[in-house]
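What follows is one structure encoded as structure tokens, with my remarks underneath.
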Amino acid sequence: MKYWLMKSEPEVFSIDHLKQMPEQTDHWDGVRNYQARNMMRDQMKVGDQVFFYHSNTKEPGIAGIMEVVREGYPDHTALDPESRYFDSRSSRENPRWYMVDVRYKRHLRRPVPLAELKQHRALGDMPLVHRGNRLSIMPVTEHQWRYILELESI
DNA sequence: GCCAACGTTGGC
DNA sequence: GCCAACGTTGGC
């Protein structure tokens with residue numbers, strides 16, 4: 001089992017939105033970055049654990065935990081001209097973008113803000129804490145995962 | 001609102 | 001293939 005972190009702007013889609021979905025499950029659509037796509041298409045497996053990160057908000061940080069419940073499959077929003085994620089270069093025969101399905105597990109006992117994550121040397125290797133990082137999906141090591149789970153209880 | 005970082009586009 | 005211009009992300 002592997003660990004991940006996925007970013008979303010809470011104004012657009014927050015962990016509370018996910019919790020309110022039928023079966024507390026939704027597809028993670030709209031990712032339009034090749035590195036992130038490759039992780040969803042090739043590496044994320046059912047049962048993998050994922051931090052839900054709130055970005056571009058007053059206090060960005062890790063809000064909770066979800067789980068991969070369906071592995072990479074084509075992102076249909078790329079085929080929908082009405083969607084803000086439409087991409088004319090994608091097609092049903094040759095899909096360019098992929099998504100996974102995730103299910104809500106729980107909120108952290110408290111949101112752990114980015115500013116706090118940055119203070120811990122043990123997390124210094126996370127792309128998240130580095131300036132200018134724009135990767136919206138990233139792997140998390142088991143060590144980092146456990147470390148952050150200890151932070152929520154402080 | 002500003003701006004750094006960085007991915008993408010397109011002219012050559 | 002290079003690289004300048006442009007667009008987007010996202011912290012602050």
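Chain A is the first sequence line, chain B the second, and so forth, proteins listed ahead of strands; every chain is numbered from 1.
Note: CD (A/Q119) to C1' (C/dG11) measures 15 Å, nearest angstrom. A/H54 has its NE2 atom 17 Å from the P atom of C/dC12, to the nearest Å. If you take CG of A/L135 and P of C/dG11, they are 13 Å apart, rounded to a whole angstrom. The CE-P distance, from A/M126 to C/dG10, rounds to 14 Å in whole Å. In this structure, CD of A/E59 is placed 12 Å from C1' of C/dC12, rounded to the nearest angstrom. Counting to the nearest Å, the C1' atom of C/dG10 and the CE atom of A/M6 are 18 Å from each other. We find that OH of A/Y85 is positioned 13 Å from C1' of C/dT9, with the value rounded to whole Å. Straight-line distance from the CG atom of A/L5 to the P atom of C/dG10: 11 Å, rounded to whole Å.
Note on A/R32 versus A/D75: salt bridge recorded, some NZ/NE/NH1/NH2 to OD/OE distance being below 4.0 Å. The pair A/E150-A/R146 fails the salt-bridge criterion, with no side-chain N (NZ, NE, NH1 or NH2) lying under 4.0 Å from an Asp/Glu carboxylate O.
Within 6.0 Å of atom CG in A/D80, more than 12 heavy atoms from other residues, nucleotides or ligands are found, so the atom counts as buried in its surroundings. Heavy atoms of other residues, nucleotides or ligands lying less than 6.0 angstrom from NE2 of A/H143 number 12 at most.
Across the interface with DNA chain B, nearest-nucleotide mapping of A/R32 and A/N133 shows A/N133 to be the residue nearer the 5′ end.
Checking B/dA5, C/dG11, B/dT8 against the side-chain heavy atoms of A/S55 singles out C/dG11 as nearest. Taking only side-chain atoms of A/L114, from C-beta outward, the nucleotide of B/dT8, C/dG7, C/dG11 with the closest atom is C/dG11. Which of C/dG11, B/dG7, B/dT9 sits closest to the side chain of A/N33 comes down to B/dG7. When each of B/dA4, C/dG10, B/dC6 is scored by its nearest atom to the side-chain atoms of A/R134, the top-ranked nucleotide is B/dC6. Of the candidate nucleotides B/dT9, B/dT8, C/dG10, C/dG10 has the atom lying nearest to any side-chain atom of A/N56. Each of B/dT8, C/dG11, B/dA5 was ranked by its minimum atom distance to the side chain of A/P60; first place goes to C/dG11.
Using a 4.0 Å heavy-atom cutoff across all strands shown, A/K118 reaches sugar-phosphate atoms only and no base atom. Residue A/R89 is in sugar-phosphate contact alone, with no base atom involved, counting any heavy-atom pair closer than 4.0 Å across all strands shown.
In summary, the side chains of A/H107 and A/D16 do present a donor paired with an acceptor at a separation below 3.5 Å, with no hydrogens or angles considered.
Distances shown here put a side-chain N or O of A/K7 below 4.0 Å from the OP1 or OP2 atom of C/dG10. An OP1 or OP2 oxygen of B/dC6 is reached within less than 4.0 angstrom by no side-chain nitrogen or oxygen of A/Y34.
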